[in-house]
Amino acid sequence: MRNILIITLLHSIICHASAQAKKVKTIVPDVQECIMSPYKLVFSDDFDGATLDTSKWFTYYPYGPSTAPDSCSFCRTHVTANIYKDENVSIKNGLLLLKSDKIVSSWFGQEYQYTSGLVYSKQKFTTYGKYEMRCKLPKGKQQWPAFWVFGWNTEIDFFEFICKGTKKIEFSLHKWSSQNCPNNNPAKGSPCYSSVSGIVDFGIDFSEDFHTFTVEYEPHMIKYYIDGVMVRYIPKYYDLKGNPLNTCRIKPGEYLMEPAFPFLGEPVHVIANQSVCRKHKEKKPIFPNLMEIDYIRVFQKEIQEDLKSSDHIK
């Protein structure tokens, strides 16, 4: 199985690594060097307790007021057909279980046909790092499991399986910028929104077994791995002919730049969620359904200031 996976993934990186968005010209004034330090663990949860560690995680999108951070219509619904409920998040036998179910509920006066679960880190991450999760996906095409980081201007989707089953994985970057936006609104379709994404069918059903998904967000490259094999990379810079610069040392000069590449220093949170799709092609969808997570870990080479005294660092 391991050999088949490696061959399939290596074929994928050759076929799909170049699917990028339109580039913009930029000037690099000084030499940009590699970060040679080894990665250190700065945040982790192996879900070995009896209940979720709520000092580390929200179970909703905390976008409401500070006194009641889940008190907004979007906080427990996002763009899905479900309401996110605390009781849909549980721990059993060292696994975090995010459950979707066909239960009618209402939130902010609107009725939803399903419930589901998510975890959203209370810790913010403000520098380059490596993000990793080992999990087994829920079965079926009505499910929308995802592992990602989000800040108000930056989103890196480590994986999404969006209503197409558990073989078609999507990798995406999205960047919003309020500068020069009409009404300070960096909406999709506006000139201040950039994205790059790709959907790949590896021929592997990721609901059959556990797999490790890893992303290294570095100064000049974002690298995606599955079970230790790099399956996709998104460079920040290209030469003026459009060839990617696959090195971490960039000389001064004029280059093309990937506009969706994240802003350095943008605070982001780690999110793992199981959603229910509004539209699907499944005649007999599976409910209840589980996304099973073995662990979530974050590593950094140059540790951000508010983590230096953290007991998570090893």
Side-chain angles (χ1 to χ4, degrees), residues 1-2 5 8-9 12 41 43-49 51-53 56-59 78 80 82 84 88-101 116-121 123 125 129-150 155-172 199-217 223-232 268-277 286-299:
M1 176 64 183
R2 170 80 176 171
L5 177 63
T8 304
L9 298 186
S12 169
L41 182 67
F43 177 89
S44 67
D45 201 332
D46 291 340
F47 307 110
D48 291 330
T51 59
L52 182 72
D53 185 347
K56 295 181 179 179
W57 304 104
F58 294 107
T59 53
H78 202 56
T80 68
N82 58 261
Y84 290 108
N88 289 52
V89 180
S90 63
I91 290 179
K92 185 177 181 180
N93 298 327
L95 297 175
L96 171 66
L97 305 178
L98 304 181
K99 181 177 72 173
S100 61
D101 210 347
S116 198
L118 72 83
V119 289
Y120 181 112
S121 73
Q123 175 65 56
F125 302 96
K130 179 169 73 171
Y131 300 86
E132 186 169 276
M133 179 168 76
R134 183 175 184 267
C135 68
K136 183 165 71 171
L137 299 185
K139 295 183 179 295
K141 292 184 177 180
Q142 195 172 358
Q143 309 303 314
W144 184 355
F147 176 41
W148 49 307
V149 292
F150 179 74
E155 177 179 338
I156 307 176
D157 295 312
F158 306 145
F159 73 67
E160 291 183 275
F161 289 81
I162 308 177
C163 318
K164 297 179 176 68
T166 50
K167 293 182 179 180
K168 295 182 179 180
I169 183 171
E170 180 167 341
F171 310 101
S172 303
I199 299 175
V200 183
D201 186 342
F202 292 120
I204 299 167
D205 187 343
F206 290 97
S207 70
E208 293 294 328
D209 202 352
F210 283 85
H211 294 274
T212 302
F213 299 87
T214 308
V215 168
E216 294 179 351
Y217 165 39
K223 304 173 185 176
Y224 293 78
Y225 298 82
I226 299 177
D227 295 334
V229 180
M230 189 170 72
V231 298
R232 185 177 178 85
V268 296
H269 299 261
V270 177
I271 306 167
N273 65 283
Q274 158 69 337
S275 303
V276 180
C277 303
I286 300 169
F287 290 104
N289 212 329
L290 295 175
M291 180 178 180
E292 303 175 56
I293 300 173
D294 184 17
Y295 63 77
I296 296 175
R297 296 171 184 167
V298 181
F299 305 79

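In what follows, every heavy atom counts, from backbone to side chain, and hydrogens, waters and symmetry copies are set aside.
Asp101 meets the side-chain hydrogen bond (donor to acceptor under 3.5 Å, both in side chains) test with no other residue; sequence neighbours excluded. Residues passing the side chain to side chain contact (heavy atoms under 4.5 Å, CB included) test with Val268 are Phe125, Tyr131, Val149, Thr154, Glu266, sequence neighbours excluded. Shown here are the salt bridge (Lys or Arg N to Asp or Glu O under 4.0 Å) partners of Lys139, two or more places apart in sequence or in another chain: Glu208. When the side chain to side chain contact (heavy atoms under 4.5 Å, CB included) test is applied to Lys92, the partners found at least two apart in sequence or on another chain are Leu97. Residues meeting the salt bridge (Lys or Arg N to Asp or Glu O under 4.0 Å) test with Glu292, sequence neighbours left out: Lys136. With sequence neighbours excluded, no residue forms a side-chain hydrogen bond (donor to acceptor under 3.5 Å, both in side chains) with Ser90. Residues satisfying the salt bridge (Lys or Arg N to Asp or Glu O under 4.0 Å) criterion with Asp205, sequence neighbours excluded, are absent altogether. For the salt bridge (Lys or Arg N to Asp or Glu O under 4.0 Å) test, no residue two or more places apart in sequence or in another chain qualifies with Lys141. Considering only residues two or more places apart in sequence or on other chains, Ser121 meets the side-chain hydrogen bond (donor to acceptor under 3.5 Å, both in side chains) condition with none of them. Partners of Cys163 according to the side chain to side chain contact (heavy atoms under 4.5 Å, CB included) rule, which considers only residues two or more places apart in sequence or in another chain, are Cys277. Partners of Phe161 under the ring-ring contact (aromatic ring centres under 6.0 Å, His included) rule, at least two apart in sequence or in another chain, are Phe159, Phe206. In this structure Asn273 satisfies the side chain to side chain contact (heavy atoms under 4.5 Å, CB included) test together with Tyr61, Tyr84, Leu118, Ala146, Trp148, Ile271, Ser275, sequence neighbours excluded.
Interatomic distance, CD of Gln123 versus NZ of Lys56, reported as 11.0 Å (0.5 Å rounding). Leu290 CG to Leu98 CG: the interatomic distance, rounded to the nearest 0.5 Å, is 8.5 Å. The CD1 atom of Ile296 lies 4.0 Å from the CH2 atom of Trp57; values are rounded to the nearest 0.5 Å. Separating the CG atom in Asp294 from the CG atom in Asp45 is a distance of 10.5 Å, to the nearest 0.5 Å. The NZ atom of Lys164 lies 9.5 Å from the CH2 atom of Trp144; values are rounded to the nearest 0.5 Å. For the atom pair CG of Asn82 and CD of Gln142, the computed distance is 10.0 Å after rounding to the nearest 0.5 Å.
The two residues Gln274 and Ser100 make their nearest non-hydrogen contact at NE2-OG, 3.2 Å. The two residues Ser207 and Pro138 have their closest heavy-atom pair at CB-O, 3.8 Å. In terms of heavy-atom proximity, Gly203 sits nearest to Lys167 at C-CD, 4.4 Å. Summarising the geometry of Val119 relative to Val89, their closest heavy-atom pair is CG1-CG1, 4.1 Å, with the distance given to 0.1 Å.
At least one donor-acceptor pair under 3.5 Å links the side chain of Asn88 to the backbone N or O of Lys99. Proximity of a side-chain donor or acceptor of Asp227 to a complementary backbone N or O of Thr212 within less than 3.5 Å is detected.
Phe171 and Tyr224 have their aromatic ring centers within a separation under 6.0 angstrom.
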Evaluation steps, side chain to side chain contact (heavy atoms under 4.5 Å, CB included), between Phe210 and Leu95: CA-CA 11 Å; Phe210 283 85; Leu95 297 175; 3.9 Å; yes
Met133 and Ile293: CA distance, side-chain angles, deciding distance, side chain to side chain contact (heavy atoms under 4.5 Å, CB included) verdict: CA-CA 7 Å; Met133 179 168 76; Ile293 300 173; 3.7 Å; yes
Derivation and outcome, side chain to side chain contact (heavy atoms under 4.5 Å, CB included), residues Phe299 and Glu216: CA-CA 9 Å; Phe299 305 79; Glu216 294 179 351; over 6 Å; no
Cys135 and Phe213: CA distance, side-chain angles, deciding distance, side chain to side chain contact (heavy atoms under 4.5 Å, CB included) verdict: CA-CA 8 Å; Cys135 68; Phe213 299 87; 3.8 Å; yes
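Under the 4.5 Å side-chain criterion, counting only non-hydrogen atoms from C-beta, Phe147 is in contact with Val270. Using a 4.5 Å heavy-atom cutoff, the side chains of Tyr295 and Leu96 are not in contact. In this structure the side chain of Arg297 reaches within 4.5 angstrom of the side chain of Leu41, judged on heavy atoms. Val231 places none of its side-chain heavy atoms less than 4.5 Å from the side chain of Val200.
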